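To keep things clear, I will list the structure first and then write my remarks on it.
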2 protein chains.
Amino acid sequence: MTPSPHDPADVDAIFRNHGLRVTSQRRRVLAAIGRLQHTTPDQLSREVDGDGGDALPLSTIYRNLDTLTELGVVAATRLTEGAPTYHLDQHATHLHLVCNGCGAITEAPLAVADELAEAVYDRDGFVADLRHLPVHGWCARCAPGRTEIPDQGGTDQHDHTHQHRA
Amino acid sequence: MTPSPHDPADVDAIFRNHGLRVTSQRRRVLAAIGRLQHTTPDQLSREVDGDGGDALPLSTIYRNLDTLTELGVVAATRLTEGAPTYHLDQHATHLHLVCNGCGAITEAPLAVADELAEAVYDRDGFVADLRHLPVHGWCARCAPGRTEIPDQGGTDQHDHTHQHRA
DNA sequence: TTTCGTGCAAACAGTTTGCAATCCG
DNA sequence: CGGATTGCAAACTGTTTGCACGAAA
């Protein structure tokens, strides 16, 4: 069985099993991702910096993010405008609902997209990876104001221009 | 009845109707997007540069892309790692299948995601904007080699995706 | 003529890389 | 000890911005 990143004891094994060294930086990065659930590299950097130890340079954050991604321990998705969002891969048993209004990110079970997966497979033989699917739109709170999605023309003055957000 | 970006005559109207000026740069950018169907800012830049006129600085490309996006004439999606992909919004009556293997981008009708839209609406009151949905995965050609999607870190319970029909 | 839009260069954000010092195994 | 990692700074890509000039209306 694959060791779980949730269990601090197993974390080391994950690295060792791949012939990689266990360093405090790696432990701290992985722990911080676990705490944040989903995070961009610089949020992660701040989280790691606040865990009591020394601050880690961004380059180390990035390198470890890459390593962890290669190991399949974490995965990235582009949910927002700026930096990609990383999360534990084992936590990726859902897809993301990203609100264009308030920026809120909700999770929904993969099952909601089962039909989609089947449809594109039947149509094109395309094997969809739903785990990282970012579904944009408007959450229950933001939708009321601007519900008209299915307007193709471009007549409507959408003003979801750009949002700063966090 | 919004004027259509496809009709060169109407293009000017689109701008004027919004109190914006008609410049050769704007015409050329819009025309190039129409030709390319979907494009990143720098592909677009090269396309514009090759249309016979003077080269346009990237900043002009970006500014016009922003303007056109605000007008609802074009829309952007993040399909690949690097830069976002722009396309005419009226052409956005489909979602994108992005192959992780070869990078190919295929289009599929929005209808394949109808159930998804309904499901998330029922669950969370989330109004999905499927027009820009980037579905990652493996195309028919690339899938065979690496079909096991639903594995990775987690104990995979369900594993739909690749098993509907052999 | 009055602005708006363009061109250019400098500033930015996010990410990658080279290299010497450091630490794990 | 010896190679894998780190820290730091410099390089890079993609994008934005300030400002003076040129051009639509």
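The sequence lines fix the lettering, A, B, ..., with proteins before strands; numbering per chain opens at 1. Keep in mind that the numbers below use all heavy atoms, side chains included, and drop hydrogens, waters and symmetry copies. Please read these numbers as outputs of a predicted model, since none were measured by experiment.
Residue-to-nucleotide contacts include no donor-acceptor pair under 3.5 Å from the side chain of R78(B) to the base of dG14(D). One N or O donor and one acceptor, one from the side chain of R63(A) and one from the base of dG7(D), sit under 3.5 Å apart. For a distance-only test at 3.5 Å, the side chain of R21(B) qualifies as a donor-acceptor partner of the base of dT3(C).
If you check every strand for non-hydrogen atoms under 4.0 Å, S59(A) touches a base.
One distance of note links CG of L56(B) with OG of S45(B); it measures 7.5 Å at 0.5 Å rounding.
F15(A) has its CZ atom 9 Å from the P atom of dT6(D), to the nearest Å. In this structure, CG of N64(B) is placed 9 Å from P of dG5(C), rounded to the nearest angstrom. Between Q25(B) atom CD and dG5(C) atom P the separation is 11 Å, expressed in whole Å. To the nearest angstrom, C1' of dT16(C) lies 13 Å from CG of L65(A). Straight-line distance from the CG atom of D12(A) to the P atom of dA4(D): 19 Å, rounded to whole Å. Between the CD1 atom of I61(B) and the P atom of dT16(D) there is a distance of 13 Å, rounded to whole Å. Q43(A) has its CD atom 14 Å from the C1' atom of dG14(C), to the nearest Å. One interatomic measurement links the two molecules: CG of D66(A) to C1' of dT16(C), which rounds to 9 Å at whole-angstrom precision.
A donor-acceptor pair under 3.5 Å is formed between the side chain of D129(B) and the backbone N or O of R131(B). No donor-acceptor distance shorter than 3.5 angstrom exists from the side chain of R26(A) to the backbone of N64(A), with no hydrogens or angles considered. Without hydrogens or angle criteria, T39(A) side chain to L44(A) main chain gives a donor-acceptor distance under 3.5 Å.
The aromatic rings of H38(A) and H87(A) stand perpendicular to each other, their planes meeting at an angle above 60°, with 30° marking the opposite boundary.
Among the nucleotides dG14(D), dG7(D), dT15(C), the one closest to any side-chain atom of Y62(B) is dG14(D).
Between T23(B) and the phosphate of dT6(C), there is a side-chain N or O to OP1/OP2 separation shorter than 4.0 Å.
In terms of position along DNA chain D, the nucleotide closest to L58(B) lies nearer the 5' end than the nucleotide closest to the other residue of the pair L58(B) and L20(B).
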